[in-house]
Amino acid sequence: MPRALAVYLPRWPVELVRRREIRERAEGSSPAASPDDALLIARTEHQRPVVGACCERALRAGVRCGMTIADARALVRSGGVRILDEDPRRDAGALESLARWGVRFSPIVAPDPPDGLLMNVTGCARIFRGENRLARKLCGALARFGFTARVAIAPTYGAAWAVARFGVARASCPWAASPVARASCPWAVLESSHLPGALDPLPVRALRLDDDTVHALDEVGIATIGELRAVASAGRRTLPSRFGSGLLLRLDQALGAAIETIQPVREREPLRVERVLDGPTTDLETLSIVARGLLDALHAALERRGCGVRRLDAVFERPRLEPVVLAVCVGAPTRDVRHLWSLLRPRMERMNLGDGVEGVELHAARIARLRDEQTSRWVEEARRADEAREIGRLCDTLANRIGSERVLLARAIDTHIPERAWELEEHAASGGNKPAPAAALHDVERPTLLLDPPESILTIAGAGDAPPWRITWRGQEITVTRSIGPERIAEAWWDVAGALGDRSASRDEAGSPRPDLGGAASRDYFRVQDQHGRWLWAFRKTGTNRWFMHGLWA
Amino acid sequence: MPEHPDPGKRAHPAKLGARVSRHPGVEGDASATPLTPRRLETSTPSYVELQVTTNFTFLRGGSHPEEFAQQAAALGHPAVAITDLHTMAGVVRAHVGAKDAGIGLVVGCRALAEEVPRESGSASFPGHLATSAPWHLLLYPTNRPAYGRLCRMLTVGKRRAAKAECRLAIRDVEEYSQDLLAIVIPPEAIDDAFRARLARLREVFDDDRLSLGASCTYGEDDEERLAALDALAREAGIPLVATNDVHYHIPERRALQDVLTCIRHGCTIHEAGRRLHANAERHLKSAAEMERLFWRYPAALRRTVEIAARALGEGIKVSRCRGVKGDAPSTPRHPDTSAPLPGFSLDQLRYEYPDEVVPAGSTPAEHLRDLTWKGAADRYPAGIPDKVRAQIEHELVLIGELNYEPYFLTVHDIVVHARSLGILCQGRGAAANSAVCYCLGVTSVDPARIDLLFERFISRERNEPPDIDIDFEHERREEVIQYIYGKYGRDRAALTAEVISYRGRSAVRDVGKAMGLSLDAVDRLAKCLDWWHMGEVPEAQVREAGFNPDDPTIRAVVTLCEELIGFPRHLSQHVGGFVMTRGPLCETVPIENAAMEDRTVIEWDKDDIDALGILKVDVLGLGMLTAIGRCFRLVTPRHLDTSTPFPLQLHTIPPEDPRVYDMICRADTVGVFQIESRAQMSMLPRLRPRCFYDLVIEVAIVRPGPIQGNMVHPYLRRRNGEEPFSYPNKEVEKVLSKTLGVPLFQEQAMSLAIVAAGFTAGEADQLRRAMAAWKRKGDLIFRFGKRLIAGMLERGYPREFAENCFEQIKGFSEYGFPESHAASFALLVYVSSWLKCHHPAAFTAAIINSQPMGFYAPAQLVRDAKEHGVEVRPIDVNRSAWDCTLEEGVEVSRRHGVEGPEPPPLPPRHLDALTPPSLRLGMRLAAGLRQDAADAIAAAVNKHGPFKTVERLWRASGVGVGSLRKLAAADAFHSMGLDRQHALWQIRRLRDERLPLFETVAMDEEESGTVALPTIPLARTIRHDYQATGMSLKAHPLSLERPRLDAIRVRANATLRDERLSPNGLHVAVAGLVLVRQRPGTASGIVFMTIEDETGVANLVVFPQIFEKFRTAARHSVAVVAWGRVERQGEVVHVKVHRIANLRDAIAFTTIEGSKSRNFH
């Protein structure tokens, strides 16, 4: 009889988060997360957030899956509480990785979503000197990752699954009451002879049934596997017509009367193409032909996977020397051979060939799924898409020549405040964001050069919102010949809300707790022309006599 | 700067108000030469803001309409306009506000008209093919018919759109344009298309009524834009008019307006960007400020005054004569006697009663008199008592004086129609408890039984329609509503609106989201707002919720919320306030579609209607009337004694039955109207009502108002003779004597204000309004309070008495209860008590059939019925109908085994007539079952007789397997000898998709040898009972736990009743299922829990600290064990809890998940 192993990870989503945070803390990138906080994973049920999973501490405080977040929060009153939204895709991805890791215990491992693994360990026990040791080793390894796990080895997947989750004794609350957990022994090994006996007291849910079936069985008084077996042996024919054929299949699978197979994970091959040359060569032309050929091969591989590269490593093996690694980064994933070649080729020209290169390898170091772009029906849109792509390529080229940290993209920001109306970001960090065309930045008249910060100036001006006559800026005397304005722009009161703290003093004096939200300062901007015909952009803080120069038109 | 003064077209400022007319020379001086800012500073400018967006343009305007009126008056403007987008919803408030402030109100609206009207449902084009921007107009009527046309236009636009939307085409504007003034708001870019539009509008409105709007809000280049607009105006021959596109009355509201913009766009303030206004300039500005901004264009400012003057009808003499076309008779320029009054004000709206309630050839007065005396003869078959006769005469005279006959006739008409459909109804409220209304059948409270002064409700001083609310059986109210629509037509009858305003929670939720708080944080902050009071930051609570109250964002949220609370958010329909008019209603106020199908709603709410004196009849639904109606129909004549007339009617129930009052005094009132709540029940044994008026007091006294006003205990003490009392003088005695010197009713508060503080009747009425609107305008009641106390002191009352009175009146403000309502309710209390007392089975059946209603779940009602000796029989497919029914005779004993003998026919009807009927539970109690399935089963049983197998029932009735399963879960197959388990086992085999060929085979293939199913323990059976029906007739879940409860010395709840077993102060432990958790607002956080075991209920009092300490158990448990101290007060017994635990934790109890407690927070 085959041997099946089931892993159950009761706190999988929570521990994944914990593990991620430990890593982030080690990297110093997660200052907010405190390991002492209770952790709740929220899921939405009937349009309200409920607890999908929770940590040990929350559990001790009485939090249970399915209660509303508000209730759970009320229960965990000491210390902080952190609430994260569930991320089933991420969890599933992690489970798949874990399954791949599990290959060291058995060649046949399958993820068992949402929170378990199944393995075929037939014949594997010998390597680990017995199934008990295998199970212990597996538990220990998972514990070192920070995962609580329960493991069962049984003659069938069904039985292993049932025992891993529901223990070997019947209990309404499987974890608190099962003897396995109580003995703090997180694994169990079942032989064929144990089979019906060990399963009989378990609830029917342990047969991997859906909620409806469990409920339907409960209605007619069948609560345990034993009771189900009794009914099945008295009138096997009566069951499928009432509860569907799946029920008997699950029962048979658990008891070994039906065969079950699992779909094991496969290791992904890396995207890597290489060619060993007949002998070392320093001929750049030869290397170019080889590299170009490899690029075509890589393109084919990428196409099969539907991916593009974000980073391409070109490795040139040199005898007795470290290989040369040329890393080519692009802003948006691509598998366009010509574009990649145009980035790689100039780098090759500058590399040190040493005594010659004897092998070339191209490695898609970072790949990303490449979505098929829909070509637009509208000419204007298509033109804009082309434009954006061209700019992206230009940036790639520039970044590979002079370094990506030196290529900056302007991004328009929707705000009235002139100095915040755009933002620069590194090309590499833009993640393929389309750069903002200058026209999109603003549809209002703004100077071509903005002084940041604005420079304080002295002026002579009329009262109220009258324009200035005379300006002293950087020691220069400016006579205003024409002026347009004022354009009044109020500052962001919600940011000034930060400045409300400053006002707490005045608040205490006034004895009023009302923050003055309407009172955020404004600026009155004037476009002024000086005696040389130059246009300048000056503003006055409204209600004061403080003036600033903020920009000029070239 | 060029200037084109034209003295002929200037408005005469003198027409607009005394303030301006004091400077007659100003206009001439200013316009003689081009103006300079310097010169203007010395003059008295005049300006009227004509583009005002109030918060009735939801999520756009940042101030209330009345705030604009006040601010405009403060700035010295002679008038202000209200131009909300496609709505008149805010104009009444603005009208009232403007009247208070003593300025004029220019009624108007903003309209966005499309080139072609889009039909609803038509797909919109993709963005790049979008139709051109809508025409943007401000419209102002210049007389009453024009106002009617404007309202009709909006109605047309609204009726063709979805709720809260309006779809106008420029054709509509053209059609209804007569006598409307228009300002066209130019788009961002002035192009040829706009020039063409101007030309077209000029054709419609000509240059006399059309203006081109120009604003100066500190944009990029205002000067250039103004110059361009001026040039355009001149080119098109249309005068320029200045507006400021006002969105808030003071600049400080900018933040709130920004937040509203965010709420509208569903974004945060950080993302909103240029969707916000660039600055805070869109506030009301002073005339001087406007003149400074428009100093080059003084004519544009004069035009505002001119438009306002024409809209208000005071500038007609100086309106320009140029541009009058001889061939345009539709716009009369020279008003003669037949033309409508020039100018429009909401005061011109004259309400006219519908006239079809009066038969031809009769006057309303004659008809009412006729009906009243006819009704009186019916009501008093033994002859009309003299007192009543005199009262009717008196009332008829008063009604006649005020011309209210049509109102009473309208109400009468509705009531008569409802009665003809067999719908139970009763009027209540101000005028309802009059002798006339009794005779008309509007109420059933015999005026001989209660003494209410008619003048108190209809007074000569207050020229305001009387107020009658009519309650109908709630399940049949829709029939009445459709009757009204049918009778008066949709253009003459509509529901009033209800303005849904921001309350604490909704405000925090929206503001928090807009300020970028996380959803979770918003939730927490909203929660701690439960205890917020306006005007103060609850620092402690904010801190407890995990926020720093000094955090700027939190403080901004709190401040903005305070401003936002009270802002209208959307219009909803009033529960039942109907407005009916003689002429088309849509020419008085726009009508829009409601969310519910077949409903149309006007834009004004009941305050607006009151302010304009428009008739409204409240058509309300009342669950208890449904129950009483059902009960009347269930009671058969042979269960009535001969003295009670059949069929039962509200006014023929035998009055003043001592057995009924005995029952009420025992607080044996589960299910009874109003007095069934925990608070009422604990009051009953103390108050011991013995007559009808005692019930009136009972209904009024146990309400938050009197409780907060500390009136309950003084009244009780005085009633029990424990406290002496006297009155300061005769007048006060007259007001307060019937309630022993304690003002319990709203009417008394008002009378007291008149008698003791010298208020006029009108002022007393304002006081009533202030009390009702306390939440919205908190300071108003304190203003009245000061006057009240001052008035009383002046008249020599002691200060203590005066302050006491005010405290008590303030207590009403929240939940004051008028005596007239209490009297109508008290009658329903009496009737329902009478039914419960004499016909408990029918009463219980009727209440269960009317669920959801009242305080108690079916389980408690059934249990109560059982305690009163009613035999309750379970749901059974062969016996039950959808509703609970009454059965005569002895139930056939349950048979076991599938094939049994035919059940014997029900016993013949020769049984003793006094054998009480039994209650057969209806299939409606089976969770999730639909009525049509139950009806199909009942019909099949009727046709074929009782079924013996599930299959036959299934085939004969044709109901789905799902329904059968739900019935089986409710254990309704006992008459077939099947318990739940076996019934479900059989039903599991059935499939709805039938294959005719195999049908017989499948059915005949009866399982050889039945499968032995596991036995289900009783506890689980009971759990399933609770899951399926919310109750179990088999056993109480707690009875199964009794041995274990005994082991931890938990006593039965029944022992609490016995004073010897549970003396005051004794420490006890009790247990039970939680029936009700209640946290009344008046009890400072105390939670009242009612728990039930197999012997009865226990009342727990849980103080906040205890509740918090044992929160999990106290808040979530289905069943609890509580330890505490017995507190006895007469027959009322509480357990003051000091420890509480989940029953399961206490004794490792298996859960009873099916049972649901009702939580009232």
Side-chain angles (χ1 to χ4, degrees), chain A residues 42 49 62 67 69-71 73-75 77 80 83 172 216 219-224 227 230-231 234-235 237-238 241-243 378 380 413-416 444-445 464-465 484-490 492-501 504 513-520 522 524 527, chain B residues 128 217-224 250-256 258 269-276 278-281 292 515 519-520 523-524 527 536-537 550 552-553 555-556 559-560 968-969 980-982 984-985 988-989 1007 1009-1016 1020 1024 1111-1112 1115-1116 1150:
Chain A
M67 63 169 52
I69 289 290
D71 284 344
R73 185 190 277 291
L75 288 171
R77 268 176 298 174
I83 296 159
S172 57
E219 278 182 340
V220 297
I222 301 172
T224 64
E227 285 165 350
V231 173
R237 274 190 324 138
T238 62
S241 64
R242 292 185 163 84
F243 305 101
W378 311 109
E380 176 64 15
I413 293 178
D414 188 15
T415 173
H416 290 290
V444 286
E445 188 67 48
D465 51 20
I484 299 174
E487 175 181 1
R488 185 164 292 176
I489 297 173
W493 53 267
W494 53 96
D495 287 343
V496 183
L500 290 176
S504 55
R514 284 177 76 86
D516 174 20
L517 295 171
S522 317
D524 277 352
R527 277 179 270 161
Chain B
H128 64 284
T217 50
Y218 288 82
E220 190 192 349
D221 194 349
D222 286 344
E223 234 169 282
E224 190 187 301
I250 45 170
E252 286 74 18
R253 281 286 170 86
R254 169 197 172 216
L256 184 63
D258 283 351
I269 190 86
H270 308 281
E271 299 159 354
R274 284 168 301 158
R275 283 173 282 193
L276 308 176
N279 53 41
E281 294 304 310
R292 197 175 59 78
M515 292 297 291
L519 284 184
D520 178 59
D523 259 16
R524 270 185 294 149
K527 290 261 160 58
E536 55 189 272
V537 187
D550 292 327
T553 307
R555 294 220 345 250
T559 311
L560 289 164
R980 171 186 295 116
Q981 184 183 19
H982 288 91
L984 282 165
W985 180 255
R988 275 267 154 214
R989 249 178 76 240
E1007 278 125 20
T1010 32
V1011 176
L1013 295 172
T1015 40
I1016 299 182
R1020 244 168 87 194
H1024 285 140
R1111 190 184 171 97
T1112 323
R1115 184 169 176 151
H1116 297 289
T1150 42

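Reminder, nothing fancy here: chain letters follow the sequence lines and each chain counts from 1.
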Please classify the contact of [X] with chain A as side chain, backbone, both or neither, using a heavy-atom distance under 4.5 Å.
| X | answer |
| --- | --- |
| L276(B) | both |
| I1016(B) | side chain |
| E271(B) | backbone |
| A272(B) | backbone |

* Asked: So F243(A) and W985(B), would you call those rings parallel, tilted or perpendicular, with 30° and 60° as cut-offs?
  ->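 Answer is tilted, since the angle falls between 30° and 60°.
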* chain B heavy atoms under 4.5 Å from A42(A): which part of the residue, side chain, backbone, both or neither? ->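 Neither part; nothing is under 4.5 Å.
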Please report the shortest heavy-atom distance between [X] and [Y], naming the atom on each side.
| X | Y | answer |
| --- | --- | --- |
| G221(A) | P1014(B) | O-CG, 3.4 Å |
| W493(A) | A255(B) | CZ2-O, 3.4 Å |
| R988(B) | A216(A) | NH2-CB, 2.8 Å |

* Asked: Would you call R488(A) and D222(B) a salt bridge, using N to O less than 4.0 angstrom?
  -> no
* Within the distance-only criterion (no hydrogens, no angle test), does the side chain of H416(A) pair as donor or acceptor with the backbone N or O of N279(B) below 3.5 angstrom? ->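 Side chain of H416(A) to backbone of N279(B), a donor-acceptor pair under 3.5 Å: no, none is there.
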* Asked: For E220(B), does its backbone N or O pair with a side-chain atom of E445(A) as donor and acceptor, under 3.5 Å?
  -> no
* Any side-chain heavy-atom pair from D221(B) and R527(A) closer than 4.5 angstrom? ->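 In short, these two side chains touch, coming nearer than 4.5 Å.
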* Structure fact -> Max heavy-atom pairs within cutoff under 4.5 Å with chain A, candidates E223(B), R980(B), H270(B), H982(B), goes to H270(B)
* Would you mind telling me which of T1015(B), L1013(B), I250(B), D258(B) has the largest number of heavy-atom pairs within less than 4.5 Å of chain A? =>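 When all of T1015(B), L1013(B), I250(B), D258(B) are compared, D258(B) has the most.
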